Amino acid sequence: MAAEILDGKGISKQIQAETKTKVAEFVSSHQTTPCLAAVLVGEDPASQVYVRNKERACKRVGINSQLHRIDASCSTTELLELVNQLNQDPSVNGILVQLPLPDQIDSRRVLDAIDPAKDVDAFHPHNVGLISQGRPRFLPCTPHGIVQMLKRCGVTTTGKHVCVIGRSDIVGKPMAMMLAQKDSELGPEMANATVTLCHSRTANLTEITKQADILIAAIGRPKFVTADMIKPGATVVDVGINRTDDGLVGDVDYEAGMHVAGHLTPVPGGVGPLTVTMLLENTLMAAKLQV
Ligand code: NDP
């Protein structure tokens, strides 16, 4: 039987409609509109698309957005000055610095300089610490989007074996941390997983992935996950976005996955739209924390 496709785009629309209502309520109670400031360094085409999508999404739900462009040749000091200026600006509730940054920039210093109360990507060590202790201020956008999608599709995580491939600070690590907690913002049924976090040095990867009830691939390698790596009936979440000659391709061999998985996310139209949507939720949350 073919896998059920998890419609990230559709779920994203549904969540954005809910966010729009919450934003309108916030504006009417506080006479101020939440605002997201995006910092875009250079002209990287993919980054420009991501930032444009985020601006459009803000507009759809009634959140103000600002775009701060800075030249690709800028220094870490110049970028830090801009971040500090945004930290001080009371009209800005959330700050996102679009990654990746050019090589000459000390990315860690820049991300660490964002006021944790405005850190809507949840990259600041303070926010990461809160997530690891199970008391998040903001949930990281991609992992949060994945949990929202699973919940809304009736896939719970409690007691399940979840295998996450990829240990980045943006996706893999926070995903593993969230699912291993005793409870979550979405209830205990969306936590309490037995999590295996895999990476490039993992031995016998297929032996591990084949045991997973839920397999989350965040690797950045086109069609890396093949049918033999998937437990029949498993839920497979494909985070990967790989630009190839055939267009955007995920980390999972979609055609093969269709015949083995129980649920599968498409690329595009799966996790991607949810990442942007959860950024909007975090911007609203930041505005609420700052009134
Ligand atoms: P990173 O490059 O930061 O991390 C990739 C991870 O994959 C690393 O932990 C690496 O291991 C692991 N890895 C690489 N090769 C192998 C291998 N052969 N076997 C097992 N593990 C391996 O990537 P990101 O987490 O930032 O992104 C991953 C993908 O997700 C990319 O395609 C990215 O574009 C996409 N993405 C999509 C988002 C969305 O909204 N849909 C949001 C963010 C990212 P090691 O640590 O050992 O090097």
Side-chain angles (χ1 to χ4, degrees), residues 5-12 15-16 38 44-54 56-57 96-101 103 107-108 111 120-123 128 138-150 162-179 195-212 215-226 228-230 236-244 246-254 264-282:
I5 302 308
L6 301 183
D7 176 16
K9 207 170 168 185
I11 295 166
S12 190
I15 300 174
Q16 285 191 18
D44 176 61
S47 293
Q48 301 207 51
V49 170
Y50 290 138
V51 167
R52 200 180 315 131
N53 287 344
K54 288 167 188 175
R56 285 183 184 150
L96 88 86
V97 176
Q98 185 63 46
L99 300 177
L101 293 172
D103 290 346
S107 300
R108 183 140 273 175
L111 296 179
V120 285
D121 270 328
F123 293 159
V128 176
F138 301 115
L139 288 170
C141 301
T142 303
H144 186 196
I146 291 170
V147 180
Q148 283 283 354
M149 173 163 56
L150 293 177
V162 177
C163 175
V164 181
I165 319 179
R167 57 176 160 185
S168 72
D169 291 338
I170 298 175
V171 188
K173 240 186 266 171
M175 182 80 265
M177 229 159 36
M178 281 167 62
L179 293 178
V195 182
T196 312
L197 183 57
C198 299
H199 45 76
S200 67
R201 306 293 175 94
T202 299
N204 304 322
L205 182 65
T206 298
E207 293 307 312
I208 299 168
T209 61
K210 262 192 337 201
Q211 294 174 34
L215 179 59
I216 301 174
I219 311 156
R221 294 190 172 209
K223 300 187 180 185
F224 180 90
V225 175
T226 44
D228 60 312
M229 296 171 77
I230 301 171
V236 180
V237 177
D238 191 351
V239 183
I241 302 176
N242 305 291
R243 278 157 225 283
T244 72
D246 300 329
L248 286 188
V249 173
D251 287 346
V252 178
D253 182 342
Y254 186 78
L264 179 61
T265 66
V267 177
V271 176
L274 284 155
T275 297
V276 179
T277 299
M278 300 335 292
L279 179 71
L280 305 175
E281 277 285 316
N282 280 354

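Whatever order the structure lists them in is the order used to number ligands and atoms, beginning at 1. Nothing here was measured: the structure is a model prediction, and the numbers come from that model.
Residue L205 holds its CG atom at 5.0 Å from CD1 of I165, rounded to the nearest 0.5 Å.
At least one heavy atom of V239 sits closer than 4.0 Å to an atom of ligand 1. The shell of residues lying under 4.0 angstrom from ligand 1, judged by heavy atoms, includes A218.
When atom types are taken as modelled, the side chain of D251 and the backbone of K223 share no donor-acceptor pair closer than 3.5 angstrom. Under a 3.5 Å cut-off, the side chain of N204 and the backbone N or O of E207 do not form any donor-acceptor pair.
Protein heavy atom closest to atom 33 (C) of ligand 1, with residue, atom name and distance, is I241 N, 4.1 Å. Taking atom 15 (N) of ligand 1 as the reference point, the nearest protein heavy-atom neighbour is R221 NE, 3.4 Å. Nearest protein heavy-atom neighbour of atom 44 (C) of ligand 1: V171 CG2, 3.9 Å. Atom 19 (N) of ligand 1 has its closest protein heavy atom at F224 CZ, 3.5 Å. If you check which protein heavy atom lies closest to atom 29 (C) of ligand 1, you get G220 N, 3.6 Å. Nearest protein neighbour of atom 12 (C) of ligand 1, counting heavy atoms only, is G166 CA, 4.0 Å. Of the protein's heavy atoms, H199 C, 3.1 Å lies nearest to atom 21 (N) of ligand 1. Among protein heavy atoms, atom 3 (O) of ligand 1 sits closest to S168 CB, 3.3 Å.
Heavy-atom minimum distance, V252 versus D238: N-OD2, 3.0 Å. Between K173 and L197, the shortest heavy-atom contact is CG-CD2, 4.2 Å. The two residues C141 and T275 come nearest to each other via the heavy atoms CB-O, 3.4 Å. Considering all non-hydrogen atoms of both residues, L179 and V147 come closest at CD2-CG2, 4.1 Å. In terms of heavy atoms, V225 sits closest to I230 at CG1-CG1, 3.9 Å.
Residues satisfying the side-chain contact (heavy atoms from CB on, under 4.5 Å) criterion with S12, sequence neighbours excluded, are Q16, P273, L274, T277. Residues satisfying the side-chain contact (heavy atoms from CB on, under 4.5 Å) test with V97, not counting sequence neighbours, are V39, V83, L101, V110, L111, I114.
In this structure, a donor-acceptor pair under 3.5 Å is present between the side chains of T226 and D228.
Ligand-side atoms of ligand 1 in range of N242: 32 (O), range being under 4.0 angstrom from any heavy atom. The contact set between ligand 1 and T142, taken as ligand atoms under 4.0 Å from a residue heavy atom, comprises 40 (O), 42 (C). Within ligand 1, counting atoms from 1 as listed, the ones closer than 4.0 Å to a heavy atom of G272 are 40 (O), 41 (N).
There is no protein heavy atom closer than 4.0 angstrom to atom 27 (O) of ligand 1.
The shortest N or O to N or O distance between R167 and ligand 1 is under 3.5 Å.
With C198, G240, S200 as candidates, the residue nearest to atom 10 (C) of ligand 1 on a non-hydrogen basis is S200. For atom 16 (C) of ligand 1, the choice among D169, I219, D238 with the nearest heavy atom turns out to be I219. Counting only non-hydrogen atoms, the option in T275, T265, L197, I165 that gets closest to atom 39 (C) of ligand 1 is T275.
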